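The structure appears right after this line, and notes come after that.
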Amino acid sequence: MVRAFRVYDTLSREVRAFVPRESPRVGLFVCGLTPYAEAHIGHGRTAITFDVVARALRRWGYHVFYVQNVTNLDDRLIARGQAEGRDPLELAEFHFQGWLRGMDQLDARAVNLYPFATDYMPEIIAQVSTLIDRGFAYAVEGDVYYEVAKFPDYGQLSGQRLEALRPGARVEMDPKKRAPEDFALWKAAKPGEPAWASPWGPGRPGWHIEDTAITGRLLGDQYDIHGGGEDLKFPHHEAEIAQAEGASGKKPLVNYWMHGGMLQMHGEKMAKSVGNVSGLEGALRRYGPEVLRFYYLNANYRSPLNYEEGKSLEEAREGYATLAQPYRRLREELLRGGLTRPGRELPPEIAKTATELPLRLDEILAEDFQTREAIAALYGWGRMLNEWSAKLEGLSGAALVTLGTPYRWAAEVLGLFPERTSAKAPVEFSALVQVAIEARGRARNRGDFGEADRIRQSLLQAGIVLEDQGTETRWQWKRDGVA
RNA sequence: GCCAAGGUGGCAGAAUGGUUAAUGCGACGGACUGCAGAUCCGUUUCCUGGGGGUUCGAUUCCCUCCCUUGGCUCCA
């Protein structure tokens, strides 16, 4: 059985119950990036948004096939390649590998397939041919254009009316086009550019056609969810609808359009063209993947999110540290004696809350993926655990595991609180730290606080933080975004 | 100019036709501590952009104005 959920659909502009075309299968396509430069944290936001969507759907029993395309050839790649003296396809591959590393660090592994545009040339050429045959497109001097006037639904997604697209002020009229709003499906090759043979002569695909050629092949003429950044609504997604529905004769192309809000830098969209980008790699290096995920998910995915360099992620780090702290305690406690350790059991009402909270979290997410609401609920649980922290010591391993249930939900769906086995200190190392702690303890006991503080300071420089709790001193790794 | 989404506390950012409008960050005070950290308690708290309307009652519905952001063929 799959869980029911609701999602905001941009086309109908309302939150609608999700009905898959062929339950439990769900086709999910998200517009990926054009890797002509290093990805920035705005790209990361969209990726994490749909990573959580896919994670949630899978948890709820859907069989999600998640495709994210890669535009590995376009004007910018060609221009950039020429500027750097590199082959554009090789340049795209290079930056795409960087993107994959970022996704890997972020634990965003929900994508099943990253198809490259240039690997779908037969599909692209076939779809362009079909559009010409069906009267939606026309060829001129090696170019092929989509004739927007032939597709009456054009503009429904973005609410644009065709007349509004004709002011001409911003649209340069290409004499080869029949109308200014017509867009290129195929572009004749210019000297020195990568080109593929086609019925219209050597050339390369326009930007919009790759997506519908890819989805037609991988997801069929119609599928469930199409996602992407809000900035792609027009013209890109509008064009996709016109191409796919024009070529297949079936509508709608997709049942649900999901658009993620922009990440803004000081009130303006972060974009390479604006020049206000903050790199994903740098943010990951400085704050770690969890803080970044937390930052993204601690907002409504549809709302713009204002990013301030030197502030936003610092705040996220603090917020995440507070959120993660109770779970840290819990896991620390579990390490003493392990899962099977004997001890007291939980009062029934606490155990009930712990096991029911994940169901409530599912409910929250099932209402248009309100990750922020889910996080608020986790804060509430953390507060309860903190009030309880003194009593944790006598609890059985099973009881501790139960208390951690909501956090494991978050690990599965939100990708927070990962088990980091790699960071676990070896036994020998822990023993060394313990020696230092004991030395400091003796210094404290004889009132030599200068010496005690020196030891604490030295450990801090090694990245180890000491916390005194009653007569006990505990240690943990300094949090630099890594819980 | 046109299309779309928004305007809530110092900041980020929820929610609802009707009790004290979440949650987090920050700040201040207190408890605990040799100090610090973590935690707990308290304070900081706004009649929800301006105006008009509907209603017994609106932040939530309608109209209008102002402002912000995105889009108007580079864009996650």
Side-chain angles (χ1 to χ4, degrees), chain A residues 10 13 30-34 36 39-50 68 71 74-76 79 148 155 157-161 163-167 169-172 174 180-184 206-208 227-236 238-239 259-264 267-274 294-295 298-300 302-306 308 311-312 314-323 325-326 328-329 370 372-380 382-383 385-390 444 447-450 452-453 456-457 460 465-470 474 476:
Chain A
T10 315
R13 301 183 219 295
V30 175
C31 286
L33 71 169
T34 303
Y36 75 99
H40 58 68
I41 54 178
H43 298 122
R45 184 187 185 194
T46 304
I48 296 306
T49 294
F50 291 101
Q68 188 180 112
T71 305
D74 82 335
D75 294 342
R76 286 168 298 161
V148 171
L157 181 67
S158 55
Q160 300 274 357
R161 288 192 313 268
E163 313 83 73
L165 304 175
R166 300 195 180 223
R170 303 186 59 144
V171 183
E172 216 174 300
D174 185 330
E181 68 272 13
D182 291 355
F183 55 87
W207 175 35
H208 314 302
E230 206 179 5
D231 53 347
L232 299 184
K233 239 189 271 182
F234 187 91
H236 187 233
E238 210 74 75
H259 290 279
M262 292 292 101
L263 187 78
Q264 297 173 3
E268 198 179 9
K269 181 178 124 178
M270 180 177 290
K272 282 169 271 199
S273 51
V274 183
F294 174 82
Y295 171 66
N298 200 209
N300 185 312
R302 289 195 275 131
S303 303
L305 182 57
N306 194 237
E308 291 188 44
K311 179 165 177 246
S312 300
E314 276 74 2
E315 286 180 2
R317 174 161 57 194
E318 292 308 312
Y320 182 65
T322 304
L323 187 65
Q325 178 69 22
R328 269 168 98 151
R329 283 269 161 72
Q370 304 179 72
R372 185 163 225 291
E373 283 291 288
I375 286 171
L378 287 168
Y379 271 114
R383 183 179 294 266
L385 282 184
N386 281 333
E387 285 166 13
W388 253 62
S389 60
R444 286 178 77 205
D448 186 355
F449 297 119
D453 288 348
R456 184 166 64 187
Q457 191 56 34
L460 183 63
V465 180
L466 299 191
E467 288 182 9
D468 299 319
Q469 285 196 318
R474 295 176 174 184
Q476 56 190 219

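Note that this is a predicted model, so its numbers are computed, not measured. So you know, we letter chains A, B, ... as the sequences are listed, proteins then strands, and number each from 1.
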When all nucleic acid strands are considered with a 4.0 Å heavy-atom cut-off, which category describes [X]: base, sugar-phosphate, or nothing?
| X | value |
| --- | --- |
| A:Gly32 | sugar-phosphate |
| A:Glu373 | base |
| A:Glu238 | nothing |
| A:Gly260 | nothing |
| A:Leu323 | nothing |
| A:Arg45 | nothing |
| A:His236 | nothing |
| A:Tyr379 | sugar-phosphate |

With rounding to whole Å, what would you report as the distance between [N] and [M] at their [atom1] atoms?
| N | M | atom1 | answer |
| --- | --- | --- | --- |
| B:rG57 | B:rC32 | C1' | 47 Å |
| B:rC62 | B:rU55 | P | 16 Å |
| B:rU44 | B:rG49 | C1' | 24 Å |
| B:rG29 | B:rC61 | P | 42 Å |
| B:rC66 | B:rA21 | C1' | 25 Å |
| B:rG18 | B:rU59 | C1' | 12 Å |
| B:rU43 | B:rC67 | P | 40 Å |
| B:rG52 | B:rC28 | C1' | 42 Å |

Checklist entry - Stacking here means centres under 5.5 Å and planes under 30°; does A:Phe234 stack on B:rG71? => result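 A:Phe234 ring does not meet the centre or angle cut-off for B:rG71; no stack.
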Pair assignment for [N], Watson-Crick or G-U wobble, requiring both distances under 3.5 Å:
| N | answer |
| --- | --- |
| B:rG10 | B:rC25 |
| B:rC40 | B:rG30 |
| B:rC72 | B:rG1 |
| B:rC61 | B:rG53 |
| B:rC35 | none |

Without decimals, in angstroms, what is the distance between [X] [atom1] and [N] [atom2]?
| X | N | atom1 | atom2 | result |
| --- | --- | --- | --- | --- |
| A:Leu466 | B:rG37 | CG | P | 14 Å |
| A:Asp448 | B:rC35 | CG | C1' | 14 Å |
| A:Arg302 | B:rA4 | CZ | C1' | 12 Å |
| A:His259 | B:rA76 | NE2 | P | 14 Å |
| A:Tyr320 | B:rC25 | OH | P | 14 Å |
| A:Asp74 | B:rC75 | CG | C1' | 10 Å |
| A:Glu467 | B:rU39 | CD | P | 8 Å |
| A:Asn300 | B:rA12 | CG | P | 16 Å |

Ignoring hydrogens and angles, answer whether the base of [N] and the side-chain atoms of [X] contain a donor-acceptor pair closer than 3.5 Å.
| X | N | value |
| --- | --- | --- |
| A:Asp468 | B:rC35 | yes |
| A:Arg13 | B:rA5 | no |
| A:Asn298 | B:rG24 | no |
| A:Arg317 | B:rC25 | no |

Atom [atom1] in [X], atom [atom2] in [Y]: separation rounded to 0.5 Å?
| X | Y | atom1 | atom2 | answer |
| --- | --- | --- | --- | --- |
| A:Asn386 | A:Arg329 | CG | CZ | 7.0 Å |
| A:Met262 | A:Asp231 | CE | CG | 3.5 Å |
| A:His236 | A:Leu157 | NE2 | CG | 12.0 Å |
| A:Glu314 | A:Arg317 | CD | CZ | 5.5 Å |
| A:Ile41 | A:Ile48 | CD1 | CD1 | 12.5 Å |

Next on the checklist: Under 4.0 Å between a side-chain nitrogen and a carboxylate oxygen: does that hold for A:Asp468 and A:Arg474?
Outcome noted: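 Answer for the salt bridge query: no.
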Among the nucleotides [options], which one has an atom lying closest to any side-chain atom of [X]?
| X | options | result |
| --- | --- | --- |
| A:Phe449 | B:rC40, B:rU69, B:rG34 | B:rG34 |
| A:Arg372 | B:rG71, B:rA38, B:rA12 | B:rA12 |
| A:Thr46 | B:rG34, B:rA14, B:rA76 | B:rA76 |

Does the side chain of [X] get closer than 4.0 angstrom to OP1 or OP2 of [N] through an N or O atom?
| X | N | answer |
| --- | --- | --- |
| A:Gln370 | B:rA15 | yes |
| A:Lys233 | B:rC3 | no |
| A:Ser303 | B:rA14 | yes |
| A:Arg383 | B:rG24 | yes |
| A:Thr322 | B:rC25 | yes |

Next on the checklist: Can you give me the closest heavy-atom contact between A:Tyr320 and A:Tyr379, atom names plus distance?
Outcome noted: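 Taking A:Tyr320 first and A:Tyr379 second, the nearest heavy atoms are N-OH, 4.3 Å.
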Item to check | Check: A:Glu238 side chain, A:Ser158 main-chain N or O, donor-acceptor pair, under 3.5 Å | outcome: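 Between the backbone of A:Ser158 and the side chain of A:Glu238 there is a qualifying donor-acceptor contact (under 3.5 Å).
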Checklist entry - Between A:Gln264 (side chain) and A:Leu305 (backbone), is there a donor-acceptor pair under 3.5 Å? => result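 It does not hold such a pair.
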Checklist entry - Which comes earlier along RNA chain B counting from the 5' end, the contact point of A:His208 or that of A:Leu33, where each point is its nearest nucleotide? => result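 Between the two, 5'-proximity favours A:His208.
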Checklist entry - Starting at the 5' end of RNA chain B and moving along, which residue's nearest nucleotide shows up first, A:Ile375 or A:Leu157? => result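 The 5'-side residue here is A:Leu157.
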